[in-house]
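Not measured: the values here are computed from a predicted model. Just so it is clear: chains get the letters A, B, ... in the order the sequence lines come, proteins before strands, and each one is counted from 1.
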Amino acid sequence: MTRRRVAITGVGMVTPVGNNAPDTWGSLRAGRSGLGVIQNFDASGFSARIGAEVKGFKPNGLVGDRKLLKLASRAHGFALAAAEEAFADAGLRPEPHTGHRWGCSVGAGMMGVAFEELQNLHRHCAEDGEFSPAALVDSRFPADPIAFCRSQSNTGLALLTRHFSIRGYATCVHTACASGGQALGTALKVLRRGAADFMLAGGYDSMLNPIGVGAFCLLGALSTDNDAPERASRPFDATRNGFVLGEGAGFLVLEDWEAAHRRGARIYAELAGDGNSLSSYRITDSHPSGDGPIQAMQQALADAGLAPEEVDYVNAHGTSTVMNDRSECSALRVVMGRHLEHVAVSSTKSCMGHLIAAAGAVEAGVCALAIRDGIAPVNANFLHPDPDCDVDLVKGKSRAMPIRVALSNSFGFGGSNSCLAFRGSAES
Amino acid sequence: MTSSERVCITGVGAVCGAGGTVDAIWDAVIAGRSVIGPITRWETSDWPARRAAEVANMDSRTLVEDRKLHKLISRTDLFGLYAADAAIKQSGLAVYRETLAPDAVALFNDRCGVFAGCGGGNYQNNYDFFPLLTKAEGNLETFGRELQTSVNPMWLLRNLPNNVLCHIGIRHNFKGTNACITQQCLAGALAVSEAAASIRAGEADRAVAVGHDTPLEPETVLHYHRLGLMSEDTLRPFDATRSGTIFGEGAAAVVLEKTAQARTRDVKILGEFLGSGCVTEATGIVEVRPDGDGLARAIRLALQDAGLSANAVGFIVAHGNGTRASDASEASAIYEVFGPNPPPVTAFKWAFGHLIAASGPLDMVLALRALKCGTVPGVGTFRRADPDLPPLPLSAFPQKPSSNIALVLSRGFAAMNLALLVGMDED
């Protein structure tokens, strides 16, 4: 039995550099930064006061179902809008007679409760700093079932499947920054094993609130270049000093390759392989040797039936932290060998920051667009070479070049590593 | 059938209010003993819902010896690691690895998958910010400035949903394909079925799958109560007088591996994974369809995946969470697939509560034990069949399975339904 091939036929995005995929892609090609001083809340007391926020986002016009949006957090709103764009782009949606053959796989962020709700709870039940269950049961708080529903770990999945009538396989994963990549990898596997014929797959996240930003500040993981936000995310630069927190969502419509051809769909690329490993080293880092990411990339290539020599572009995890970028380059050196000098590498986090659970999903969409247009997007803000990061970075401006095969890396806290392999439709 | 690679179970582990071993939990269930009692974790005398199945007498040291870890992870993670450690130990994989040549060890590790299902996003994690909120008096500038002096710098890492995945990896040096599934009640069962799928597809040679959860916290209990999902006395699945669910806490884990490979080493095969089906009804967050459409479809997909017909099933472990709507629609789905004469039906949550993300693997581990013993435990709290439901062969007393194949059902928020089929060879 030959293995089923999977086509990407729809792309949707809500990101700090554009509220849809064409705008996002336009910004990334031009190297336009979405980074700035945080506006969502007063971050003036935090060590990192900069972020990559989604701007001017109004889900009402994009989603339409007001009752549903009451149940949606900020990140769920991004997800619904990006998914809507992906379906429209694919020209295909679940219908009453096909809904049971559609699946949904999402990488969801870890934050369930909005900061305003936490403040509200604090006011009612923990004024002195200590939570009081007696105060909780006495007060009318939390009498709001909508707040409870909004805070469940799989609420986003529930809203997506309901809104788009997806009635088949559904899953929701979280492996920190690898979540989006792993959600797409899961979708690929589900399609291959025939548990669904179509998948909506992607990720969404927003940690740009006092708890999320605070949590990363406490770990010292964020860049504190508060006076120069646009230059703060500079993956692989010798002076890099942490990542810049972003927010957003990315979704793809995936379907059987032959079926997509038969219906005359426009195919961006083939989602050709998935690699997935655990570093099992430290909770926050991979080994400097690249152990962990190496296996993920090798598996993705093997899974796609590709040799390293066929890879033209790598959309790196490239967080702009000292440890990640070094370890990722070590891994690239091991996997690509002498071919490494012929591989264009860039991290689009340089422009749009780190979208955490959404990062891998948005960056998968970026790879699909890069293949379609033959453009490797720029790794912005690179000025100072780091001998530990000796790879062919796309410096200065985006590079027009044929891209047969692209890889997208996503590595998470907790040690999960995801690598996805994409093949251009001409190569397939 | 989607794959020819057979997948077996070589290790199991569990902890819940009924005990810290599968044996102890089985003993409670088969004796008809429910461990549901008053909540002691906080003062509940004024509470409308005040019962649960707490894990008592299991401090952090008992669960995981490594004290350094206690500061890095939360209690749900300790449960998960405890169950996974037990399953891995029983599987003998670590001992087997020691017999391998050094280069074979690296490959072995890369071919060990890890799949965790967790409840995700607990409320209490956020309470660590309350002293800071008090200090800040509504001023976010102060909140930011005083952050370092008030909150544990490791707060984020302590609360990562994927901690169990991470630490199983580090503790056992498993480095293969992995997933952390945050699918509420379905998380653990989906971890098992994804682990099995990865072995079938050749992405891993073996994998540990674990579900863990601690839903027992004030906000969750009160929310469930206000949604009308929480019982005030006890959990009586499918009973005419059922009034809701009751929380438990804990974890359950299994080690799955290629059957052909397990047979080459000296390990007892505890059962076989036969198939699974997973679907949503797309009705939203808490709503379920009265006709049980999603669950019926999930069961049919699992049977198709296993290459079996409905009459091959020897007994059913129902989700049976004790709520009016879920049990009614579950009975409808069973009737829809099996007709008027289904095999014996049981459920386990009446004994140790609803473990949410951990409930699926715990039910599966007990189903394997039931297959081994040739006894389907009764539902200890069952008194009177609900005349409004299709009749089910469900009893307060043990029944005989009609074959060596068990169907285990899990349901959860997002209108999710998952059916797992496990079996046991007669040898």
Practice task
Could you walk me through whether B/T177 and A/K189 pass the side chain to side chain contact (heavy atoms under 4.5 Å, CB included) test, one step at a time?
Solution key: CA-CA 12 Å; B/T177 187; A/K189 295 170 187 180; 3.4 Å; yes
Handout entry: salt_bridge(B/R226, A/D144) N-O dist < 4.0 Å
Key =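 Salt bridge absent between B/R226 and A/D144.
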Practice task
Apply side chain to side chain contact (heavy atoms under 4.5 Å, CB included) to B/K175 and A/S277, showing your working.
Solution key: CA-CA 6 Å; B/K175 296 165 75 177; A/S277 71; 5.8 Å; no
Problem - Pairs of heavy atoms under 4.5 Å with chain B: top-ranked of A/I283, A/L157, A/T186 - result: A/I283
Completion exercise
Checked A/C104, A/G415, A/A296, A/C149 vs chain B; the most non-hydrogen pairs under 4.5 Å come from A/C149
Please classify the contact of [X] with chain A as side chain, backbone, both or neither, using a heavy-atom distance under 4.5 Å.
X	value
B/R297	side chain
B/L157	both
B/N178	both
B/Q124	neither

Go through the atoms of [X] and report whether side chain, backbone, both or neither lie under 4.5 Å from a heavy atom of chain B.
X	answer
A/D291	side chain
A/F216	side chain
A/L71	side chain
A/F413	both
A/L118	both
A/T284	side chain
A/Q295	side chain
A/H100	both
A/R123	neither

Handout entry: Main-chain N/O of B/F413 paired to A/N154 side chain as donor or acceptor, under 3.5 Å
Key = yes
Handout entry: N/O donor-acceptor pair under 3.5 Å between B/R145 side chain and A/S47 backbone
Key =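 A pair under 3.5 Å: no.
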If every non-hydrogen atom of [X] is compared with every non-hydrogen atom of [Y], which pair is closest and at what distance?
X	Y	value
B/C166	A/G414	CB-O, 3.1 Å
A/S153	B/G119	OG-O, 3.1 Å
B/C278	A/A170	SG-O, 3.7 Å
B/G169	A/L278	CA-CD1, 4.1 Å
B/N159	A/M110	O-CE, 3.4 Å

Handout entry: Contact listing (chain A partner; residues 186-197 of chain B; heavy atom under 4.5 Å)
Key =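 Interface residues of residues 186-197 of chain B: B/L190, B/E194, B/A197.
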Problem - Inter-chain contacts: residues 146-155 of chain B against chain A, heavy atoms under 4.5 Å - result: B/L147, B/Q148, B/V151, B/N152, B/P153, B/M154, B/W155
Problem - Parallel, tilted or perpendicular: ring planes of B/F143 versus A/F46, cut at 30 and 60 degrees - result: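 B/F143 and A/F46: tilted rings.
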Practice task
Could you check B/D305 against A/R193 for side chain to side chain contact (heavy atoms under 4.5 Å, CB included), going step by step and ending with a plain yes or no?
Solution key: CA-CA 10 Å; B/D305 188 34; A/R193 66 178 192 248; over 6 Å; no
Exercise for the section: Scan side-chain atoms only and decide if B/Y123 and A/S151 contain a donor-acceptor pair under the 3.5 Å cut-off. Expected result: yes
Problem - Winner by heavy-atom pair count (cut-off under 4.5 Å) against chain A, out of B/L132, B/T44, B/T283, B/I170 - result: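 Ranked by heavy-atom pairs under 4.5 Å with chain A, first place is B/I170.
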Problem - When B/L227, B/N417, B/D110 are compared by non-hydrogen pairs under 4.5 Å with chain A, the top option - result: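 Of the options given, most contacts go to B/D110.
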Exercise for the section: Please list, chain by chain and in numerical order, all residues satisfying ring-ring contact (aromatic ring centres under 6.0 Å, His included) with B/F174, sequence neighbours excluded. Expected result: B/H172
Problem - Set of ring-ring contact (aromatic ring centres under 6.0 Å, His included) partners for B/F130, sequence neighbours left out - result: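 Testing B/F130 for ring-ring contact (aromatic ring centres under 6.0 Å, His included), a comparison that skips the adjacent residues, returns A/H122, B/Y127.
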